[in-house]
Enquirer: 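The structure under discussion is supplied below as structure tokens; questions concerning it will follow.
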Amino acid sequence: MSCDFMALATPGVQGLHPYEAGKPVEELERELGIHDIIKLASNENPLGPSAYAIEAVQKALAEATRYPDSNGFRLKAALHQYYGLMPEQLTLGNGSNDVLELIARAFLQPGDEVIFSEYAFAVYPIVTQACSAKAVITPARDYGHNLQAMAEAITESTRLIFIANPNNPTGTALMRDELTAFLAAVPEHVIVVLDEAYTEYVEAGDFPDGLELLPQFPNLVVTRTFSKAWGLAGLRVGFAAASTVITDLLNRVRQPFNVSHLALAAAEAVLDDGDYLARSVELNRRGMAQLEQGLKQLGVGYIPSFGNFITADMARPAQPLFQALLHEGVIVRPLGGYRMPQHLRISIGLTNENDRFLRALKQVLAC
């Protein structure tokens, strides 16, 4: 092949590396021939999908030959009913990752600056570099966002600031007063993207609801997902909420039919299943306490988490431990790609899954 296709790609894409997702169960079965595997790597809801969602998908299958409603009228109406958001404030996405990319595509040009924190979600640097923008990475504070450092990093070239609250992969969270003070100090030409993928799990009274802050801050965009507490990770549906002006711009670059017919139906239905959400949060609360206690008994440190996962400090290179756990049929997430080579992120599972992880970890630590 004589053509240098790499040279034809944009400079940002040339330097990218594909996103590394958590190892699938099927892949581990193929590699090691192991069965009875538990996956605690991708922050998925261990309850399985809501019965409401299953029923809605089964009904929607009858229309699988039709394109989905590109505007998502029924889901937007359900979101209006649930959150009080107007349809013209909403951009639907193929998961919240999709809307994060839409935001970058709508507002970034080569040379623009994007601020995000050390140990931030891997999608932020990917969408920044893909648009040939400049990543400005601010140092973390206690593994979380240092808002003072982020404010000091703003320049005339800054276009976006990404903040995950709670943060992935560390689980840290910003409380209401510090976040609102930061938002008030951000110049109006800078768009702040508040990624609230794990917000449903937070029970702290002073934790902010980004959707309630939208009327106060016109340059704020809030993203949410149905992949975590709502249990629809495999169907891929999320949304962004913002001012009508920003929403109009995002929908100009959004692909038509970017959310499938089945995903629209499931997301609409699950919003009516308050019991499912309550059970998800309760299971997470109990599972978090179980893992915290188990890690303490093993002498393993961890970062206190507000999400549906906990990040453990193994105090030594974590990759060999990750590999050893795979041979025990337990999949977790090593964080070397996040520049945390001594940490493992463990999703909260069912009680028996959490127990099996702790027993497997005890075994591999003793080797």
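Everything numeric here is computed off the predicted structure, so don't read it as measured data.
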Enquirer: As an exercise, state the distance from CE of M150 to OG1 of T158, rounded to the nearest 0.5 Å.
Expert: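 If I round to the nearest 0.5 Å, the distance is 10.5 Å.
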Enquirer: In terms of the angle between their ring planes, are F121 and Y124 parallel, tilted or perpendicular, with boundaries placed at 30° and 60°?
Expert: perpendicular
Enquirer: Nearest 0.5 Å, please: how far is CG in L283 from CD1 in I348?
Expert: 9.0 Å
Enquirer: Hey, any chance F73 and M86 share a hydrophobic cluster, counting ILVMFWY side chains that come within less than 4.5 Å of each other, even indirectly?
Expert: no
Enquirer: In the structure I gave you, are the side-chain heavy atoms of L194 and L179 within less than 4.5 Å of one another anywhere?
Expert: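 Yes. Closest side-chain heavy atoms under 4.5 Å.
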Enquirer: With no hydrogens and no angle check, is any side-chain donor or acceptor of T199 less than 3.5 Å from a backbone partner on E196?
Expert: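 Pair absent, no side-chain N/O of T199 close to backbone of E196.
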Enquirer: Measure the shortest side-chain to side-chain distance between V300 and L365 over non-hydrogen atoms and say whether it is less than 4.5 angstrom.
Expert: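 They are in side-chain contact.
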Enquirer: Heavy atoms only: give me the nearest N167-A120 pair and the separation to one decimal.
Expert: OD1-CA, 4.2 Å
Enquirer: Linking I/L/V/M/F/W/Y whenever their side-chain heavy atoms sit closer than 4.5 Å, directly or via other members, would V222 and V99 fall into one cluster?
Expert: no
Enquirer: Taking salt bridge (charged side-chain N to carboxylate O under 4.0 Å, His left out) as the cut-off, I'd like each qualifying pair that reaches into residues 237-264, sequence neighbours left out, listed once.
Expert: D248-R252
Enquirer: Is the gap between the ring centers of Y119 and H343 under 6.0 Å?
Expert: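 No, too far apart.
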Enquirer: Got a donor-acceptor contact below 3.5 angstrom from the E118 side chain to the P139 backbone?
Expert: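 The answer is no, because no donor-acceptor pair under 3.5 Å joins these two groups.
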Enquirer: Could you point out which residue of D272, D273, D275 forms a side-chain hydrogen bond (donor to acceptor under 3.5 Å, both in side chains) with S50?
Expert: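 For S50, the side-chain hydrogen bond (donor to acceptor under 3.5 Å, both in side chains) check succeeds only for D273.
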Enquirer: Can you tell if the side chain of L100 reaches within under 4.5 Å of the side chain of D195, non-hydrogen atoms only?
Expert: yes
Enquirer: Could you check whether any side-chain N or O of T225 sits under 3.5 Å from a backbone N or O of G238, counting only pairs where one atom can act as donor and the other as acceptor?
Expert: no
Enquirer: Going by the side chain to side chain contact (heavy atoms under 4.5 Å, CB included) test, name the single residue among V193, D112, I246, V221 that passes it with F107.
Expert: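 Filter result, single survivor: I246.
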Enquirer: When rounded to the nearest 0.5 angstrom, what distance separates CG in L92 from CG in L90?
Expert: 6.5 Å
Enquirer: When clusters are formed from ILVMFWY side-chain contacts under 4.5 Å, directly or step by step, what else is grouped with M175?
Expert: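 Direct or chained contacts put M175 with V202, F207, F306.
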Enquirer: Mark yes when over 12 heavy atoms from residues, nucleotides or ligands other than E203 sit less than 6.0 Å from its CD; otherwise mark no.
Expert: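 Buried by this count: over 12 neighbours within 6.0 Å.
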Enquirer: Hydrophobic cluster membership, with links at side-chain heavy-atom distances under 4.5 Å among I/L/V/M/F/W/Y: are L249 and L85 in one?
Expert: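 No, separate clusters.
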Enquirer: Which residues pass the salt bridge (charged side-chain N to carboxylate O under 4.0 Å, His left out) test with R236, sequence neighbours left out?
Expert: none
Enquirer: Please set out all donor-acceptor pairs under 3.5 angstrom arising from side-chain atoms of residues 314-329, sequence neighbours excluded.
Expert:
unit_1: E328; atom_1: OE2; unit_2: Q363; atom_2: NE2; d: 3.3

Enquirer: Verify the ring-centre separation between W230 and Y82: is it less than 6.0 angstrom?
Expert: yes
Enquirer: Give, for atom CD1 of I161 and atom CG of L183, the distance between the pair rounded to the nearest 0.5 Å.
Expert: 8.5 Å
Enquirer: Nearest heavy-atom pair of Y143 and T172: which atoms, and what distance?
Expert: O-OG1, 3.6 Å
Enquirer: Which residue is it: L40, I310, N168? I am looking for the one with a side chain to side chain contact (heavy atoms under 4.5 Å, CB included) to R345.
Expert: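 Of the listed residues L40, I310, N168, the side chain to side chain contact (heavy atoms under 4.5 Å, CB included) partner of R345 is N168.
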Enquirer: Applying salt bridge (charged side-chain N to carboxylate O under 4.0 Å, His left out) as the test, list every pair that has at least one member in residues 354-367; sequence neighbours left out.
Expert: D36-R356, D355-R359
Enquirer: Hydrophobic clustering (ILVMFWY, side-chain heavy atoms < 4.5 Å, transitive) - are L214 and L160 grouped together?
Expert: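 Cluster IDs for L160 and L214 differ.
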Enquirer: State, with a plain yes or no, whether a side-chain heavy atom of F226 is found less than 4.5 Å away from one of L271.
Expert: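 Touching, per the 4.5 Å side-chain cut-off.
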Enquirer: Just do the side-chain hydrogen bond (donor to acceptor under 3.5 Å, both in side chains) check on T155 and E113 with the steps written out, would you?
Expert: CA-CA 8 Å; T155 71; E113 294 179 355; 2.8 Å; yes
Enquirer: Tell me which pairs pass salt bridge (charged side-chain N to carboxylate O under 4.0 Å, His left out) where either residue lies in residues 37-62, with sequence neighbours left out.
Expert: K39-E44, E55-K59
Enquirer: Listed by chain and number, what are the salt bridge (charged side-chain N to carboxylate O under 4.0 Å, His left out) partners of R176, not counting sequence neighbours?
Expert: none
Enquirer: Which ILVMFWY residues can you reach from F257 by hopping between side chains whose heavy atoms are under 4.5 Å apart?
Expert: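 Its cluster partners, ordered by chain and number, are Y67.
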Enquirer: Going by atom types only, do N165 and Y198 share a side-chain donor-acceptor pair under 3.5 Å?
Expert: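 N165 vs Y198: no donor-acceptor pair found between side chains.
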Enquirer: For a 4.5 angstrom cut-off between non-hydrogen side-chain atoms, does I191 reach F217?
Expert: no
Enquirer: Indicate the atoms forming the closest heavy-atom contact of G307 with N284, along with that distance.
Expert: O-ND2, 3.1 Å
Enquirer: When you compare the side chains of N43 and S347, does any donor N or O come within less than 3.5 Å of an acceptor on the partner?
Expert: yes
Enquirer: Assess whether side-chain hydrogen bond (donor to acceptor under 3.5 Å, both in side chains) is satisfied between T138 and N146, documenting all intermediate values.
Expert: CA-CA 7 Å; T138 55; N146 182 338; over 6 Å; no
Enquirer: Taking CD in E31 as the centre, count heavy atoms belonging to other residues, nucleotides or ligands within less than 6.0 Å. Is the count above 12?
Expert: yes
Enquirer: Can you give me the closest heavy-atom contact between A197 and E200, atom names plus distance?
Expert: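 That would be O-OE1, 3.8 Å.
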Enquirer: Would a 4.5 Å heavy-atom cut-off, applied to side chains only, mark I346 and F309 as touching?
Expert: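 Contact flag for I346/F309 side chains = no.
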Enquirer: Quick one: list whatever passes salt bridge (charged side-chain N to carboxylate O under 4.0 Å, His left out) with D142, sequence neighbours left out.
Expert: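 Checked D142 against salt bridge (charged side-chain N to carboxylate O under 4.0 Å, His left out); zero matches.
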Enquirer: Salt bridge (charged side-chain N to carboxylate O under 4.0 Å, His left out) with D209: which residues, sequence neighbours excluded?
Expert: R224
Enquirer: If you look only at pairs with a residue in residues 67-85, which of them pass as a salt bridge (charged side-chain N to carboxylate O under 4.0 Å, His left out), with sequence neighbours excluded?
Expert: R74-E268
Enquirer: Heavy atoms only: give me the nearest A266-V57 pair and the separation to one decimal.
Expert: CB-CG2, 3.8 Å
Enquirer: Side chain to side chain contact (heavy atoms under 4.5 Å, CB included) between L75 and V237: does it pass, once the steps are laid out?
Expert: CA-CA 10 Å; L75 178 54; V237 55; 4.0 Å; yes
Enquirer: For the CG atom of L108 and the CD atom of E101, what is their distance to the nearest 0.5 Å?
Expert: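 It is 11.0 Å, given to the nearest 0.5 Å.
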Enquirer: What distance do N251 atom CG and E88 atom CD have between them, rounded to the nearest 0.5 Å?
Expert: 11.0 Å
Enquirer: Would you check if the side chain of H261 reaches a backbone N or O of A60 as a donor-acceptor pair within less than 3.5 Å?
Expert: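 Yes, the answer is positive, given that a donor and an acceptor are paired below the 3.5 Å cut-off.
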Enquirer: Can you pull the side-chain hydrogen bond (donor to acceptor under 3.5 Å, both in side chains) pairs that have at least one residue in residues 288-298, sequence neighbours excluded?
Expert: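 Pairs touching residues 288-298 that pass the test: Q290-N354.
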Enquirer: Would you name the heavy atoms of F182 and A151 that are closest together and state the gap between them?
Expert: CE1-N, 3.8 Å
Enquirer: Side-chain contact test, heavy atoms from C-beta onward, threshold under 4.5 Å: evaluate it for N258 versus D98 and give yes or no.
Expert: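 In short, these two side chains touch, coming nearer than 4.5 Å.
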Enquirer: Quick check: do P187 and I154 have side-chain heavy atoms less than 4.5 Å from each other?
Expert: yes
Enquirer: Do other residues, nucleotides or ligands put more than 12 heavy atoms under 6.0 Å from the CD atom of Q148?
Expert: no
